[in-house]
Amino acid sequence: MTQKLVVIGAGMASGRALEHLFDASPDAYDVTLFNAEPRGNYNRLMLSPVLAGDKTYEEIVTHDDAWYADNGVTCRFGEKVINIDRARKVVIGENGEVPYDKLVLGTGSNPFMIPLPGHDLKGVIPYRDLEDTETMMNLGKTPGSKAVVIGGGLLGLEAAAGMAAQGVDVTVVHIMGHLMERQLDEAAGYLLRKSLSEKGIKVLCKANSKQILGDEAGHVRALQLDDGTELPCDLLVMAVGIRPNTALAKAVDLEVNRGVIVNDQMVTSDPDILALGECVEHNGAIFGLVAPLYDQAKVVAKTLLGQDATFVNKEVSTKLKVTGCDLFSAGDFADGDDREDIVFRDPARGVYKRLILKGNRIIGAVMYGDTGDGAWFYNHIKDATDVADMRETLIFGPAFQGGASADPLAAVAALPDDAEICGCNGVCKGTIVTAIQGGATDLGAVRATTKASNSCGTCTGLVEQLLAATLGDDFVMPTAQCICGCTDLSHEDVRRLIKSQELKSQEAVWQELGWKTRNGCHVCRPAINYYLLADWPLEYQDDPQSRFVNERNHANIQKDGTFSVVPRMWGGLTTPDELRAIADAAEKYNVPTVKVTGGQRIDLLGVKKEDLPGIWYDLNQAGLVSGHAYSKGLRTVKTCVGKDHCRFGTQDSTGLGVKLEKLLWGSWTPHKVKLGISGCPRNCAEATCKDVGIVCVDSGYEVSVAGAAGMDVKETELLAKVATEAEAIEVTTAFIQIYRENAKYLDRGYKWVAKVGLDWVKQQVVDDLENRKALVDRFEISQSIYRKDPWAEHAKEPAKYAPLANLTLEAAE
Amino acid sequence: MSWIDIGHIEDIPLRGARIIKTPVGCVAIFRTDEAEVFAASDTCPHKGGPLSDGIVHGKSVTCPLHNWVFSLETGEAQGADEGQIATYPVRLENQRILIDGDAVGKRTAA
């Protein structure tokens, strides 16, 4: 006897279940299909191509009217189910009742709407069905339209890419640190973001939405973020996740947790009611990807036919194509202990692969750009293959087992011909390669024919790599010192590549320059952080986690783990009020040692870490700011009293010192920078052993540089003699900027000048007035970000300096 | 094991650390990845440097005083240095950081 089957919801899972059912036993059931949407089963995964204009709705229909007719399905589309009478076994629709022997729930999921103020404005939509897709497509018809997408997961990015393809100006706002954090790690997230940016999509990560702003007509106008930023938009798409739609199941008292609870046979707490798809919960898991849903569909069909079947939630791999970028992720790649990484990067092709191993088994894989081997890795994850024997070459995939390592010349080979290699002489890669091919087969010949590497010399490593890449085995590379074990490149190479390839984040450096580790080490991270902030002051944000302890805590760590605090005394001047504040702070925080430093200021030694924000706040109240006694940056400007008091003084050395310190403070430099300004050649401020020393004379100012009084003791060398104070300030600033832009991290000024030669420096900052001016301008741009008191900012967040938790406080018993 | 909630994952900066005070002394909680944390003694066996103030890279930390590098998985000093720091069971659940109270000498009331 034919039984009656009612299915609620014409989605992809229930549709697949019906296909299996009709294949196995076409006459077992009379089927009635309810669907709230006024249409049958279509491929929701294909909504993105529809949005992007690559496909039409008709092309993504899975079951058309003819299919339903052929299989004798009674379609009740566009009709909502009001209730189920489980006792009488009838489904009550808006247009009447339908009796059932078996009932299948496929009610799917609802998009989650963040209850931000303004979420109910017109023009705020989820991305779920065809109507939403059409709304987004229509936006593209108005030129100059703007859209904001909240959510940097798969759905949100597809919505963003689709709208961008329609000509909409799209910004994606994502709360986490990188895109698709559930499927991708940071490195792959970086590559994805880069690819989206190239398509004109703006991406804001770590961005918290505060409220949605509307106009008078009640239509969305902009999204406002926590930091006050307003992102104007004509449409706001929320794509932050889905929740199982359990309303009907709850209303009829089926067992429901996060989803409708089903057993291994996909049967709910009512033996005649089955459920599948995004509405169910099985063993605590809920579902969003299509693969397990199709497995559920098989089980539902068999259960309906009285056959044995068991649903097993398998390890899922995700192979995605987001806006033309190939992505693959499988298994577990983030959490847990005792794991090892194998990382492969090919900057030239924009490829990143990472395998996560536990013992001799692969437990996770993330791939970007080249996902061809994804299935092979996935099989090894699933089968828990022992990969000990092929570990060396594992990352290269099944086609390649054994052989060479990654090409160290890849980064330079990947540069376009118009990439500038030598900044001093403006020589591009193409020019150098042409010269090499024309017979300039060693460094000297390249220098002679192109002038590349002929001035400051920091691009020498790159020129040598070009020689190697162009000549192959005919060129023997001199051994250059690499930064650390994370890379084969030298400091100079990395600096130049950061500039020429416009690398503006640490992720970009690691990826594009083929870093061998996941995120660098304590040697390279501070250097890369410095290079990025020096070269891209406006675009790059300083990363405190890539700084040594002193610069991160804005105080100097002492051998016992306490810190020393040194407030700035401009040019060595202070006031009774400042001294009183320092005395008060020293008493209040029980500072054991107070010492006068060699840089004409006062050091409070022995402050506990958790007291730092408090002592800073107190000192700030008296107008005292950080002295940066801990930084690779401007330390002190030591002065003598000058002509105001001294009978020998020729100029206002103290005044000049104060002016210079107020100009230069807060700037980061490759190593520490100390200045001295003496009012006469008797040189009481000991200016001639500083990084920059100025000695005042009757006729003006002698600016000398590259002194040292540490491990090495070295007298400064004269850079320029100038007539006015303004010129002295300009030359000093230009010198510090050219040092900031070119020196290797942790090279003091004197070491760097020895490498490039004082003549070159003179030419750049003394003779070439235009260049001097440009250097001063660039310094000022950087200072617009960095000339501020870090203490004032950190004093606002004392919690960060306190323990995260204290488990010793509560009584143990 | 008795899991104690000590804070939210976002309380620790990515590739940074915070300390907690426990009956066995200061324990550092390291965040090595978006959703990856380790717990280990905050005290370097060499000269007592506070490891929570070190640079966190890969699954290692470098002591801020003299650049000893420790694996956060095993607690072992890396490279030429010889030494060991204690590690403690810690895990993430719904972005909350949980540490094993028994391991850090914290007996629970129950």
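In the text below, chain A, chain B and the rest are named by the order of the sequence lines, each starting its count at 1. Just so you know, these numbers use all the heavy atoms, side chains as well, and skip hydrogens, waters and symmetry mates.
Heavy-atom distances place the side chain of B:Ile12, and not its backbone, under 4.5 Å from chain A. Heavy atoms of A:Gln558 lying under 4.5 Å from chain B belong exclusively to its backbone. A:Pro526 touches chain B through its side chain: at least one heavy atom from C-beta onward sits under 4.5 Å away, while N, CA, C and O do not. B:Val104 touches chain A through its side chain: at least one heavy atom from C-beta onward sits under 4.5 Å away, while N, CA, C and O do not. B:Val27 does not touch chain A: none of its heavy atoms, backbone or side chain, sits under 4.5 Å away. Neither the backbone nor the side chain of A:Asn550 comes within contact range of chain B, judged by heavy atoms closer than 4.5 Å. With a 4.5 angstrom heavy-atom cutoff, A:Lys609 touches chain B only via side-chain atoms. B:Leu65 touches chain A through its side chain: at least one heavy atom from C-beta onward sits under 4.5 Å away, while N, CA, C and O do not. Proximity to chain B (any heavy atom under 4.5 Å) is shown, for A:Leu804, by both the backbone and the side chain.
B:Arg31 has no carboxylate O lying under 4.0 Å from a charged side-chain N of B:Asp11, or vice versa, which leaves the two without a salt bridge. The pair A:Glu186-B:Arg15 meets the salt-bridge criterion, with a side-chain N (NZ, NE, NH1 or NH2) lying under 4.0 Å from an Asp/Glu carboxylate O.
Less than 6.0 angstrom separates the ring centroid of A:Trp616 from the ring centroid of A:Tyr801.
No hydrogens or angles considered: a donor-acceptor pair under 3.5 Å links the side chains of A:Glu181 and A:His174.
Highest contact tally toward chain A, considering only B:Pro50, B:Gly7, B:Gly58, is held by B:Gly58 [criterion: heavy-atom pairs under 4.5 Å]. When B:Ala17, B:Gly54, B:Gly49 are compared by the number of non-hydrogen pairs under 4.5 Å with chain A, B:Gly54 comes out ahead. Taking chain A as the reference chain and counting heavy-atom pairs below 4.5 Å, the highest number among B:Pro13, B:Ser60, B:Ser52 is found for B:Pro13.
Within a 6.0 Å sphere centred on CG of B:Asn94, other residues, nucleotides and ligands contribute 12 heavy atoms or fewer.
In this structure, A:Arg345 fails the cation-pi test against A:Trp515, since its NZ or CZ atom is not both closer than 6.0 Å to the six-membered ring centre and inside 45 degrees of the ring normal. Annotation: cation-pi geometry satisfied between A:Arg243 and A:Phe112 (NZ/CZ under 6.0 angstrom from ring centroid, within 45° of ring axis).
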Set out, in order, the CA-CA distance, both residues' side-chain angles and the distance that settles ring pair (Phe, Tyr, Trp, His ring centres under 6.0 Å) for A:Tyr745 and A:Trp668, then state yes or no. CA-CA 11 Å; A:Tyr745 187 65; A:Trp668 298 102; 9.9 Å; no
